[in-house]
Structures are given as C-alpha cells and as structure tokens.
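Note that this is a predicted model, so its numbers are computed, not measured. Note that the numbering runs from 1 along the sequence shown for the chain.
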Amino acid sequence: MSTKHTLWQARWDLDQMANLATHDSGLRVRLEDGQGVAENADEIALTLAPVHGDHNAKAMVQRLVREGAQLLIDPFSRGWRGGS
C-alpha cells in the first residue's frame, strides 16, 4: 500500500562532498554535529504557508529537515538511489 510519501527520496538531490541535501522545494539541509540544519527554513516555510497554512508549513519544513539529515547520514537507508 502506498502513501502520499511514497518515493520521498526521489525529491532530494544529495551532494555528500558538500554535505548538502537539496529538496525539490528548494530547502537546503546540512549536517552539523549529526543534526540536520536547514539553511533556508524560513524562506521555504513562507512559500509553503499560502497553500498549507503557517502551522502546517513549519511542521512540513521540520519533517523535510529530518528527511534530508537521514539521507546525508545514510543515503541508502531508505532506498535513495540518486536522481530520477
């Protein structure tokens, strides 16, 4: 059974040499001390808010930061295989 998050990994571009995961929304995530840190979380939340609402946009960004960090820590943990 698939969910709305099926193949979420395909929406990410990883540059492990630069320690950077970029989501197709434009969110850029880096690892700092093993934790995901978004470079542009506020900017992305503002772009998501008109469609999803302020509260939901912030929660979405937090989820995306966790996804990006997970892929930087272990890119193959959830089946990520690179670009489409």
Side-chain angles (χ1 to χ4, degrees):
M1 183 167 152
S2 65
T3 69
K4 65 181 180 177
H5 298 296
T6 299
L7 299 176
W8 60 265
Q9 305 89 338
R11 299 186 68 186
W12 287 94
D13 181 42
L14 294 183
D15 183 346
Q16 288 188 295
M17 295 300 287
N19 186 37
L20 178 67
T22 305
H23 189 259
D24 65 7
S25 67
L27 182 69
R28 295 182 307 273
V29 177
R30 294 188 186 275
L31 282 180
E32 291 182 11
D33 298 321
Q35 299 292 316
V37 177
E39 294 182 346
N40 57 343
D42 292 337
E43 173 187 330
I44 299 303
L46 284 174
T47 64
L48 294 172
V51 175
H52 303 285
D54 288 333
H55 175 75
N56 291 330
K58 291 175 185 174
M60 290 172 76
V61 168
Q62 289 174 350
R63 178 181 55 80
L64 291 172
V65 170
R66 288 191 305 271
E67 286 182 3
Q70 178 181 346
L71 290 172
L72 286 168
I73 291 168
D74 184 1
F76 301 108
S77 66
R78 292 289 193 111
W80 187 84
R81 298 293 182 255
S84 37

Smallest separation among heavy atoms of Ala45 and Ala57, with atom names: O-CB, 3.5 Å
Gap between atom CG of Leu46 and atom CG of Asp54 - 0.5 Å precision: 8.0 Å
Point-to-point distance, once rounded to the nearest 0.5 Å, from CG of Asn19 to CG of Leu31: 5.0 Å
Main-chain N/O of Ala18 paired to Arg30 side chain as donor or acceptor, under 3.5 Å: yes
Separation of Arg11 CZ from Leu71 CG (nearest 0.5 Å): 13.0 Å
Residue pair Trp12 / Val29: nearest heavy atoms and the distance that separates them: CH2-CG2, 4.0 Å
Main-chain N/O of Thr22 paired with Asp13 side-chain donor or acceptor, under 3.5 Å: no
Exceeds 12 heavy-atom contacts within 6.0 angstrom, atom CD of Glu39: yes
Note, Val61 side chain near Leu48 side chain (heavy atom, < 4.5 Å): yes
Neighbour count >12 (heavy atoms, 6.0 Å) for atom CG, Asp24: yes
Non-hydrogen side-chain atoms of Gln70 and Arg66 separated by less than 4.5 Å: no
Partners passing side chain to side chain contact (heavy atoms under 4.5 Å, CB included) against Asn40 (at least two apart in sequence or in another chain): Leu27, Arg28, Glu43, Ile44
Verify same cluster id: Leu20, Ile73 (apolar side-chain graph, 4.5 Å): no
